[in-house]
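Positions are given from 1 along the sequence. If you're wondering where the values come from, they're calculated on a predicted model, not measured in any experiment.
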Amino acid sequence: MFIMRGWRGIQLALQIHKRNHHSVGIIGAPFSKGQPRDGVEKGPDLIRSDGLVEKLKGQGCSVRDYGNLDFESVPNDEPVGKVKRPRAVGRANEKLAGAVHAIKKDGHTCVLLGGDHSLAIGSILGHAAAQKDLCVVWVDAHADINTPLTSPTGNIHGQPVSYLLRELQSKIPVMPGFAWIKPCISAQDIVYIGLRDVDPEEHYILKYLGIKTFSMTEVDHLGIAKVMEETCDHIFSKVKRPIHLSYDIDALDPSVSPATGTPVVGGLTYREGIYIAEKICQTGLLSAVDMVEVNPKRGRTEDEISSTVKAAIDVLLACFGRVREGNHSLDYRMPQP
């Protein structure tokens, strides 16, 4: 922090602000087959209709909206073992990976509007194809690291990380729709924040692989500022590299974002959830972000739906430079008399 005096300092600060320009490419993925509850496919259009694009432009971003992907229905999509709808999920993610890769090649920070969290497979793989040496910050109530063999439900939205990690490649059986997938990150490349509903098998995988995690117990103990400091220390331990933020709206407490498929009490407060996005923005290294699992059909009232959508938009705005009043990186002081 530094002190600048008088109007000259204010003008310089405004010039610095203008240089902090974000180019955003938005892709909608109205996809719900990674889990059993319909409604989550409505998330992308709901977030747009509440003004995401206009609000991003209003804070100085250039925005290109690539629209929504179309996903064909897949007939006879029988389970493979316990894994449900693998062909639909595999094909949807392959299509998404191509779209994300194209958005990155166009020079934008990619924003994926989901859809369920199985979409992180295609989003992260497409990102990794365009940009080497990614790190991932996974903000979620759930670890989503079950393998097809450990998953208690067979729903792929609880498994995406296992398909992405090199260390788990030997644990993934051959499945239709998944032949195109090649793991692209290692265990040290991912940090979890907000965990509070982790299956026993997932807990074992996380510990065995030494993955950096911040459960809600640790968020409570350390405070969110320390959590983010340690997160950045971990992912940037060797070199600064692009960040993929995968943000499940159920990371936030259900009092903030109730309209989601698998809410879990005791989650991040609104302020903690926004702070995570602000700190990642401040690194200057955010390269792609997923906002997933907004499901209006899970809201019991219009207020619950509105609260969830607003929280999702506010997280995204924080990712691209919106600063809360009083939280400025520059200290303006008028000259003393």
Side-chain angles (χ1 to χ4, degrees), residues 40 43 46-47 50-52 55-56 59 111 113-114 117 120 136-144 190-198 206 212-235 243-283 286 289-296 298-329:
V40 73
L46 201 60
I47 292 170
D50 211 36
L52 174 64
K55 290 171 182 176
L56 284 169
Q59 64 185 43
V111 173
L113 302 178
H117 216 165
V136 177
V137 178
W138 194 279
V139 183
D140 201 328
H142 311 88
D144 293 350
I190 185 168
V191 176
Y192 284 95
I193 301 173
L195 296 180
R196 57 193 184 276
D197 185 13
V198 179
L206 293 170
K212 187 77 168 173
T213 63
F214 294 98
S215 68
M216 284 309 304
T217 299
E218 289 158 313
V219 173
D220 289 342
H221 174 67
L222 295 171
I224 196 64
K226 184 65 173 176
V227 166
M228 292 312 297
E229 180 185 328
E230 292 191 12
T231 294
C232 291
D233 286 347
H234 180 80
I235 60 180
I243 299 173
H244 188 111
L245 174 61
S246 200
Y247 207 116
D248 189 321
I249 201 64
D250 74 22
L252 300 176
D253 190 78
S255 62
V256 179
S257 59
T260 188
T262 49
V264 185
V265 296
L268 297 166
T269 65
Y270 173 87
R271 287 159 57 190
E272 290 168 336
I274 296 296
Y275 187 85
I276 292 167
E278 288 174 342
K279 297 308 287 186
I280 288 178
C281 175
Q282 288 169 20
T283 68
L286 180 63
V289 54
D290 310 325
M291 178 53 68
V292 298
E293 299 284 358
V294 172
N295 187 336
R298 306 302 294 177
R300 293 169 295 183
T301 65
E302 286 299 321
D303 283 347
E304 287 194 351
I305 298 168
S306 176
S307 174
T308 306
V309 172
K310 180 182 185 301
I313 290 174
D314 286 354
V315 168
L316 291 171
L317 296 178
C319 284
F320 295 102
R322 188 174 77 169
V323 181
R324 289 176 286 177
E325 186 178 1
N327 179 20
H328 297 285
S329 59

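Residues R324 and R271 have side chains in contact (heavy-atom distance under 4.5 Å, counting atoms from C-beta outward). With contacts defined as side-chain heavy-atom distances shorter than 4.5 Å, the pair V111/L56 does not qualify. Looking at I274 and V315, their side chains come closer than 4.5 Å, going by heavy atoms from C-beta outward. The closest side-chain heavy-atom distance from V289 to F320 is below 4.5 Å. Contact of the K212 side chain with the T231 side chain is not registered, since no non-hydrogen atoms from C-beta on lie closer than 4.5 Å. Between L113 and L316, the closest side-chain pair of non-hydrogen atoms falls below 4.5 Å. The side-chain heavy atoms of E218 and I193, taken from C-beta on, include no pair separated by under 4.5 Å. Contact annotation: the side chain of I305 approaches that of L46 to within less than 4.5 Å [non-hydrogen atoms, C-beta and beyond].
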H117 and W138: side-chain contact (heavy atoms from CB on, under 4.5 Å), yes or no, with the steps?
CA-CA 11 Å; H117 216 165; W138 194 279; 3.2 Å; yes
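For the residue pair D248/H142, the side-chain donor-acceptor check at 3.5 Å is not satisfied. Counted by atom type alone, S307 and E304 present zero donor-acceptor pairs between their side chains at under 3.5 Å.
For the atom pair CG of D303 and OG1 of T308, the computed distance is 10.5 Å after rounding to the nearest 0.5 Å. With rounding to the nearest 0.5 Å, the separation of CD1 in I280 from SG in C232 is 7.0 Å. The CE atom of M216 lies 6.5 Å from the CZ atom of R196; values are rounded to the nearest 0.5 Å. Atom OG1 of T283 is separated from atom CD of E278 by 12.5 Å, given to the nearest 0.5 angstrom. Atom-to-atom distance recorded for I276:CD1 and Y247:OH is 5.0 Å, nearest 0.5 angstrom. Separating the CG atom in L195 from the OG1 atom in T213 is a distance of 6.0 Å, to the nearest 0.5 Å.
What you find for L317 and Q59 is that their closest heavy atoms are O-NE2, 2.9 Å. V219 and E272 get closest at one heavy-atom pair: CG1-OE2, 3.8 Å. Of all non-hydrogen atoms in H244 and D290, the two that sit nearest each other are NE2-OD2, 2.9 Å.
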Under 3.5 Å donor-acceptor pairs involving side-chain atoms of residues 251-262, not counting sequence neighbours:
unit_1: D253; atom_1: OD1; unit_2: G266; atom_2: N; d: 2.8
unit_1: D253; atom_1: OD1; unit_2: G267; atom_2: N; d: 2.9
unit_1: D253; atom_1: OD2; unit_2: S255; atom_2: N; d: 3.0
unit_1: D253; atom_1: OD2; unit_2: S255; atom_2: OG; d: 2.7
unit_1: S257; atom_1: OG; unit_2: I249; atom_2: O; d: 2.9
unit_1: T260; atom_1: OG1; unit_2: E293; atom_2: O; d: 2.7
unit_1: T262; atom_1: OG1; unit_2: D250; atom_2: OD2; d: 3.2

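Not counting sequence neighbours, the partners of R322 by the salt bridge (charged side-chain N to carboxylate O under 4.0 Å, His left out) test are D314.
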